[in-house]
Amino acid sequence: MRGTRFADEADYWGAEVPEGGELRSRMQAELRDKLRLGRPLRVYLGVDPTSTELHVGHFVPLQKLRRFQDQGHQVVFLVGDYTATIGDPSEQTSERKRLTHEHVLELAGSYTEQAYRILDPSRTEVRHNGDWLGKLSFADIIELASIFPMKQIVARRDFQRRMEQGESLRFHESLYALMQGYDAYMLKCDVQVGGYDQHFNMLAGRAIQEHFGDKPHVMLTNPLLIGTDGRKMSKSYGNVINVHDAPFDMYGKTMRMADAHIPAYLELASSLDADAIDTEVQQLQDGANPMEVKKRLAFDLVRQYHGEAAAGEAAETFQRVVQRQQAPDEVPEVIVPPHLLGTTWVDLCAGLELSPSKAEARRLMRQGGFYIEQTPVKDTEARAEVPPAGILVRLGKRRYYRLLPGA
RNA sequence: GGGGAGGUUCCCGAGCGGUCAAAGGGGACAGACUGUAAAUCUGUUGGCUGAUGUCUUCGGAGGUUCGAAUCCUCCCCUCCCCA
């Protein structure tokens, strides 16, 4: 992973960086000054628990935190238990669903557990923003709100777009930045890391810190990691690589991504250092087989989350099952109940729920995607024979089952 | 509070009395090809059925009609604009 930048405004604003625009170099200078203070810096990342799963995209800033940790700095992992109930409007195309606080607390537990795959728990301070945000009075909130010119709030790129496109935008969503900004102030942090979508929220933090007489924090942002299909990484697109994914899944999902997205993953999700990334990208440009690069990337990802051994196994299984189309080492066994013995394969697949319906099973057979012992069976009327020793059935490219006759 | 738009099959979205299981796109699945589960090309994509066919489906409940996703009534929900 490389990919972390000093509040790169071009990331946030695209081609239309507003006046000023030298935030980036200011951040660099500020960080240099802070490092010279000779004390461990407080570096914070805030995450709102809004679902059960963290994906590798969430881990980009976490890995950055780990680097700071390794250099002896103090890391603060902020659980946005309070903010999650409002919903961060950043880069959202529509209003977010509100979550209940109890639900959020449940999710938060699993978040920290997953974060510890990367962070050293003994050197991580975990905080919850409900501890202070919940105590603010209306007067406090008005004071915070008075720091920001309305023009600034409205100028946010994501709000602009939603207003232009006639999408829903509600007042409370503009308060989100205030909350996150107040977090930054309460945590007395020197540095905040996060995705570039946090640009505005981080700026709000600086404004609030300065308002209360503190030094503003340094903003470190990273581009958002795209999903394996190139669209925004999102569960609803099914293009997400989750931290909890089994090794082979993680490896497979990586191999399935379009070649064009390899550099983004090398940059943001891999553990490779800057030189190694450059080398890989150069090789791609020189016409190396993208598959080989992707294999190294897939191996690296699995290694980070599951260790060396699991990565090796995943790589082997991939070669065997996908490239050579051989059955994997372990094929799930399915016992065929007596009443399905002697029926057609169609009835059997539907009966065992290997296929959602008979029509679906027939379709698969007609298309040549149904194999018995690796030989396609296209006859939808074919009788199913399940010898006592069992038989290998394959549906489509990679769903294997060993059928055994039930007593 | 006033005015307007809309809720369609996994998603987006067309349809606006029969020719509608419902265009088109996306996704998914399969096949071909290949350098991979990439790209590209082709096909499939509600259930039951060998097929003819039949059953369920277009926010919900009723109604009109030989016949409704399409018309009417009430209800629920979403969005926009004005105040």
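Here is the naming used below: chain letters follow the sequence lines, and residue numbers restart at 1 for every chain.
Comparing B:A61 with B:G13, their C1' atoms are spaced 27 Å from each other, to the whole Å. As rounded to the nearest Å, B:U44 and B:C77 have P atoms that lie 42 Å from one another. Only the P atoms considered, B:U8 is 14 Å distant from B:U78, to the nearest whole Å. B:A69 and B:A23 are spaced 14 Å apart, taking the C1' atom of each and rounding to whole Å. Remark: the separation of the C1' atoms in B:U57 and B:U70 is 15 Å, to the nearest Å. The C1' atoms of B:A22 and B:G15 are separated by 8 Å, rounded to the nearest whole Å. With both ends at atom C1', the span from B:C55 to B:G59 equals 22 Å, rounded to whole Å. When the P atom is used for both B:A30 and B:C80, the distance is 41 Å, rounded to whole Å.
Between the side chain of A:K294 and the backbone N or O of A:M255, at least one donor-acceptor pair lies under 3.5 Å. For A:H217 (side chain) and A:M202 (main-chain N/O), a donor-acceptor pair under 3.5 Å exists by modelled atom type. A distance-only check finds no donor-acceptor pair linking the side chain of A:D286 to the backbone of A:A288 [under 3.5 Å]. Between the side chain of A:Y185 and the backbone N or O of A:H211 there is no donor-acceptor pair closer than 3.5 Å.
Using a 4.0 Å heavy-atom cutoff across all strands shown, A:K397 reaches sugar-phosphate atoms only and no base atom.
The pairing partner recorded for B:A39 is none, the criterion being a Watson-Crick or G-U wobble arrangement whose two distances lie under 3.5 angstrom. Across all strands shown, B:G27 forms a Watson-Crick or G-U wobble pair with B:U45, both key distances being under 3.5 Å. Across all strands shown, B:A51 forms no Watson-Crick or G-U wobble pair with both key distances under 3.5 Å. B:A21: no Watson-Crick or G-U partner with both key distances under 3.5 Å is found in any strand. Across all strands shown, B:G6 pairs with B:C77; the Watson-Crick or G-U wobble distances both stay below 3.5 Å. Using Watson-Crick or G-U wobble geometry with both donor-acceptor distances under 3.5 Å, B:U56 finds no partner in any strand shown.
Rounded to whole Å, atom P of B:A38 lies 16 Å from atom CD of A:E292. Between the CZ atom of A:R398 and the P atom of B:G31 there is a distance of 11 Å, rounded to whole Å. Atom P of nucleotide B:C29 and atom CG of A:L364 are separated by 12 Å, given to the nearest angstrom. Nucleotide B:A37 holds its P atom 12 Å from the CG atom of A:N289, rounded to whole Å. The separation between A:L297 atom CG and B:A37 atom P is 17 Å, rounded to whole Å. Spacing between atom CG of A:D259 and atom C1' of B:A37 amounts to 11 Å, rounded to whole angstrom units. For the pair A:K295 NZ and B:A38 P, the interatomic distance rounds to 14 Å; values are reported in whole Å. Atom C1' of nucleotide B:U44 and atom NZ of A:K378 are separated by 13 Å, given to the nearest angstrom.
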Please report, to 0.1 Å, the donor-acceptor pairs under 3.5 Å made by any side chain of residues 246-254 of chain A, with sequence neighbours excluded.
unit_1: A:K253; atom_1: NZ; unit_2: A:V240; atom_2: O; d: 3.0
unit_1: A:K253; atom_1: NZ; unit_2: A:D245; atom_2: OD2; d: 2.8
unit_1: A:T254; atom_1: OG1; unit_2: A:M250; atom_2: O; d: 2.7

Listed pairs, N/O of protein and of nucleotides 49-53 of chain B, under 3.5 Å:
unit_1: B:U49; atom_1: OP1; unit_2: A:K358; atom_2: NZ; d: 3.2
unit_1: B:U49; atom_1: OP2; unit_2: A:R362; atom_2: NH2; d: 3.1

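Comparing B:U44, B:U36, B:G47 against the side chain of A:S357 picks out B:G47 as the nearest. Proximity note for A:M291 (side chain, C-beta onward) versus B:G43, B:A37, B:U36: the nearest is B:U36.
Summary of the strand contacts: A:F318 and A:E360 both lie near RNA chain B, and taking for each the nucleotide with the nearest heavy atom, the more 5' one is attributed to A:F318. Of the two residues contacting RNA chain B, namely A:Y371 and A:Q325, the nearest-nucleotide position lying further toward the 5' end is that of A:Y371.
Residue A:R363 places at least one side-chain N or O under 4.0 Å from the OP1 or OP2 atom of B:G47. OP1 and OP2 of B:A38 both lie 4.0 Å or more from every side-chain N or O belonging to A:Y265. At the phosphate of B:U36, OP1 or OP2 sits under 4.0 Å from a side-chain N or O atom of A:Q323.
For residues 364-382 of chain A, there are no salt bridge (charged side-chain N to carboxylate O under 4.0 Å, His left out) pairs, not counting sequence neighbours.
Taking the centre of each ring, A:F77 and A:Y111 stay at or above the 6.0 Å mark.
Note that A:R156 lies in the cation-pi zone of A:F159, set by a 6.0 Å cut-off to the ring centre and a 45° limit from the axis.
Counting heavy atoms from C-beta outward, A:F212 and A:I208 have side chains that approach closer than 4.5 Å.
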